[in-house]
Each structure stands twice: as structure tokens, then as C-alpha cells.
Amino acid sequence: MEPTWFDKRPVGEVRPGDHAWLAYGTPEERDRVIGAFVADALRTEEKVVYVTDAPPERLPGLTGPRTRLDLCTYTASGQLRVIPRSRACLDGGGRFDPQRMLETLNTEVERAFDEGFRAVRLTTDHSWLMREPGRPDLHRVLGCEHQVGDAVSPSTMAMAICQVDRRLCPPDQLAALRDTHEVLVEVNPEFDDGILRITRTFEPHGLRIEGELDAARHSVFAQQLSLVAHGRRRVHLDFSRLGFIDLGTLNLLAEHATGLDERDALVLDNLPPDVENVIEMVGWHRLPGLARGRSGAADGPFPGPEGVA
């Protein structure tokens with residue numbers, strides 16, 4: 001369970017002073033978050049500083065139809081600044097130098113202020129540190145993160161997202177790195193009208209449903225379910241933050257499950273007990289395409305009457 005002092009929010013709500021953390025599990029998750037972080041800045045009067053060895057045209061999430069940005073124009077104007085690691089954070093021997101990283105970021109923030117940008121967005125991916133032979137001591141990386149946080153948090157114009165591929169990092173090290181940040185960042189919602197919020201999840205693949213799912217929102221829910229299920233064998237729906245769901249929505253779920261191939265499944269995670277009881281009462285738990293997921297039980301079909309508390 002995440003400690004209560006973390007503020008988890010969509011990437012679109014990152015603000016100056018935020019030292020944010022993204023531990024992504026798939027390239028798509030990284031692209032959706034970092035692509036939005038960079039693209040939002042380029043469409044406004046904000047500067048982006050990206051420490052990476054990748055060229056601008058290969059930055060995450062900036063090459064598809066979602067963005068359609070002329071990156072050459074932004075690099076030429078200086079609004080997008082891509083700095084290779086050798087110049088930003090490596091010493092003469094090619095080793096990670098936390099102090100040089102901090103000096104680079106401070107210099108870039110000052111330069112952005114002098115250039116008249118209203119804000120500057122900083123980001124880098126630390127995954128290379130986790131897979132390089134002779135990687136630096138974790139304490140040095142943690143010390144760097146603490147210093148970056150100390151520099152960014154009081155700022156009125158700088159914000160940062162530190163990235164890492166969580167598949168490359170042992171759980172204890174991942175937790176230690178996460179704890180040096182105040183904000184955990186995630187993808188922007190697919191839909192949010194203040195009553196219902198639908199957000200993509202990546203591990204497992206699916207949607208998180210928050211708020212109230214009523215008749216007025218059936219069409220948008222059905223649309224998002226169709227999009228996320230396209231070409232996928234297994235789709236998870238997380239109802240842990242669900243406040244209300246009507247019978248019509250449950251009927252939509254049953255109709256979707258009925259149309260699935262016998263090897264596919266719509267997995268319902270963290271169902272409220274009363275909703276689970278309704279599903280069983282009307283017999284939908286017998287549908288082969290509907291499965292109960294996380295809630296203290298293993299992934300699998302719904303239990304029979306004797307298995308429901």
C-alpha cells in the first residue's frame with residue numbers, strides 16, 4: 001500500500017514545484033505519461049529539458065497521431081532542449097555524477113528563466129543506471145534525487161518527472177527511489193466529468209473506474225471498454241474506487257462477456273460485495289467470459305452460491 005504522504009495525480013495536473021515519480025511497467029505507459037508531459041509544455045510557453053541519449057524524434061510518446069508536433073522547430077527555438085548524458089550527468093570516466101546532474105538542472109532552470117519561459121519541465125529516465133555493469137551505488141542515486149527534490153520543490157517555475165522501468169529494479173530499491181518523491185504521476189484519464197473518471201491501467205491491462213457509473217454514462221463507458229478490449233485476450237476492470245453502479249452497466253458487462261471468445265475474459269477486480277451479490281443473483285457469474293479478479297481471491301470464475309459471503 002502506498003504511504004499516505006504521496007500525492008498521486010494525472011500527468012496533466014503536474015505543477016511547478018512538483019518532483020514527480022513514474023515507475024512504468026510497459027513502453028506504452030511511459031509514452032502516454034511522458035509524451036503528454038512534453039507535448040503539453042511545447043504547446044504552451046513552457047520549456048522542456050530532457051536528459052537522454054535519444055534524439056528528439058525518438059522521445060517517448062511524441063511520434064504518433066496523438067501529438068503531431070514539429071520537433072525540429074522546437075529544438076531550433078530552444079523550447080525543447082535534449083541533453084546527452086555525457087554532458088549532463090557523467091564524469092570524465094563515463095560514470096554517473098550526481099553533482100553534475102544537479103548543476104545541469106540548476107543551469108537549465110536559470111537559463112529558461114532568462115529566456116522568458118513561464119515554466120520549465122525536467123525529465124530523465126534512470127533505467128540505464130539499473131542495467132549498466134558497475135552501476136552506481138544506490139545511495140548516490142538517492143542522494144541525487146533528494147538534491148533534485150530540494151531544488152525543484154520550492155521553485156515557482158520548475159517541475160520534474162523522474163522515470164524508471166520498474167521491471168529492471170528490485171522491489172526494495174524501487175521503493176527507496178519512490179520515497180524520494182512527493183508526487184506519483186500516472187496517465188491522464190480517458191474520461192472525467194467530475195462524476196465518473198475512467199483511467200487506463202497497464203499492469204494489468206484495462207481500466208480503472210472511479211465515481212458513479214449510471215445510465216447517463218453508459219455510452220462513454222461502452223466506448224472505452226471497446227477501445228481497451230480491441231485485440232486483447234484479457235481485460236481487467238478495477239472497481240476499487242467505484243461509488244455507484246447501476247443495473248444497466250452490469251448488463252453492458254454481461255453483453256460484452258457474452259460476445260467474447262471462450263479463451264478470453266473480462267476480469268472484474270475489487271468488486272464491492274453488494275455488486276458481486278447482484279451479479280450472482282441474476283446468474284451472470286455463470287458466463288464463461290466473466291471472471292472475478294483481485295479482491296483477496298485468485299483470478300478465476302465467480303464462485304457458486306456457497307462461495308459468496
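For reference, positions follow the sequence shown, starting with 1.
Clustering ILVMFWY residues whenever any of their side-chain heavy atoms sit less than 4.5 angstrom apart, transitively, puts Leu247 in a cluster other than the one holding Phe244. Leu227 and Phe202 end up in different hydrophobic clusters when Ile, Leu, Val, Met, Phe, Trp and Tyr side chains are linked at under 4.5 Å. Side-chain heavy atoms closer than 4.5 Å link hydrophobic residues (I, L, V, M, F, W, Y) into clusters, and following such links, possibly through other members, connects Leu213 to Phe191.
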Quiz item: Given the rule in the side chain to side chain contact (heavy atoms under 4.5 Å, CB included) test, do Arg292 and Leu268 qualify, once you have shown the distances and angles that lead to the verdict?
Solution: CA-CA 5 Å; Arg292 184 178 66 180; Leu268 310 183; 5.9 Å; no
Practice problem: Would you please test Leu237 and Asp269 for side chain to side chain contact (heavy atoms under 4.5 Å, CB included) and show each step? | Solution: CA-CA 6 Å; Leu237 299 180; Asp269 290 329; over 6 Å; no
Exercise. Could you give me the CA-CA distance, side-chain angles and deciding distance for Leu80 and Val82, then say whether side chain to side chain contact (heavy atoms under 4.5 Å, CB included) is met?
Key: CA-CA 6 Å; Leu80 173 60; Val82 179; 4.1 Å; yes
Exercise. For Val235 and His205, run side chain to side chain contact (heavy atoms under 4.5 Å, CB included): C-alpha distance rounded to whole Å, both residues' side-chain angles, the deciding distance at 0.1 Å, then the answer.
Key: CA-CA 6 Å; Val235 173; His205 175 87; 4.2 Å; yes
Exercise. Begin with the C-alpha distance, continue with both residues' side-chain angles, and end with the deciding distance and a verdict on salt bridge (charged side-chain N to carboxylate O under 4.0 Å, His left out) for Glu186 and Arg9.
Key: CA-CA 6 Å; Glu186 65 174 1; Arg9 66 176 88 124; over 6 Å; no
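A salt bridge links Arg166 with Glu29: the closest approach of a Lys/Arg side-chain nitrogen to an acidic carboxylate oxygen falls below 4.0 angstrom. Ionic pairing of Asp193 and Arg217 is present here: one or more N-O contacts between side-chain nitrogen and carboxylate oxygen are shorter than 4.0 angstrom. Between Glu190 and Arg32, at least one side-chain N (NZ, or NE/NH1/NH2) sits under 4.0 Å from a carboxylate O, which counts as a salt bridge.
In this model, no donor atom of one side chain and acceptor atom of the other lie less than 3.5 Å apart for Gln163 and His126. With no hydrogens or angles considered, no side-chain donor-acceptor pair links Glu110 and Asn106 at under 3.5 Å. For the residue pair His218 and Asp246, a side-chain donor N or O sits within less than 3.5 Å of a side-chain acceptor on the partner.
The shortest distance between side-chain heavy atoms of Val48 and Gln79 does not fall below 4.5 Å. Side chains of Trp21 and Val185 form no contact here, defined as non-hydrogen atoms less than 4.5 Å apart. Contact check for Leu177 versus Leu142: side-chain heavy atoms found under the 4.5 Å cut-off. Using a 4.5 Å cut-off on side-chain heavy atoms (C-beta onward), Ile209 and Asp238 make no contact. Residues Phe117 and Glu46 are not in side-chain contact: their nearest non-hydrogen atoms beyond the backbone lie 4.5 Å or more apart. The shortest distance between side-chain heavy atoms of Arg100 and Asp91 does not fall below 4.5 Å. Contact of the Asp214 side chain with the Leu196 side chain is not registered, since no non-hydrogen atoms from C-beta on lie closer than 4.5 Å. The shortest side-chain heavy-atom distance between Pro16 and Thr156 does not fall under the 4.5 Å cut-off.
Put simply, the residue from Val152, Val183, Ile161 that forms a side chain to side chain contact (heavy atoms under 4.5 Å, CB included) with Asp18 is Val183.
A side-chain donor-acceptor contact under 3.5 Å links Ser127 to the backbone of Asp165. The backbone N or O of Asp192 lies less than 3.5 Å from no partner atom in the side chain of Arg197, so there is not a single donor-acceptor pair. Thr201 places no side-chain N or O within 3.5 Å of a backbone atom of Glu203 that could act as its donor or acceptor partner. Judged by distance alone, with hydrogens and angles left aside, the side-chain atoms of Thr107 form a donor-acceptor pair with the main-chain N or O of Glu103 at under 3.5 Å. Using a distance-only test at 3.5 Å, with no hydrogens or angles considered, a donor-acceptor pair links the side chain of Thr44 to the main chain of Asp40. Using a distance-only test at 3.5 Å, with no hydrogens or angles considered, no donor-acceptor pair links the side chain of Asp179 to the main chain of Ala176. Side chain of Asn188 to backbone of Gly12: a donor-acceptor contact under 3.5 angstrom is found. Panel note: side chain Ser226, backbone Gln223; no donor-acceptor pair is recorded below 3.5 Å. A donor-acceptor pair under 3.5 Å is absent between the side-chain atoms of Arg208 and the main chain of Phe239, judged by distance alone. A distance-only check finds a donor-acceptor pair linking the side chain of Ser77 to the backbone of Tyr74 [under 3.5 Å].
Other residues, nucleotides and ligands contribute over 12 non-hydrogen atoms within 6.0 Å of the CD atom of Gln99. Counting non-hydrogen atoms of neighbouring residues, nucleotides and ligands closer than 6.0 angstrom, the CZ atom of Arg58 reaches no more than 12 such neighbours.
Nearest heavy-atom pair across Met159 and Ala119 is CE-CB, 4.0 Å.
Geometrically, Arg81 does not engage Tyr50 in a cation-pi contact, judged by NZ or CZ lying under 6.0 Å from the ring centre and within 45° of the ring axis.
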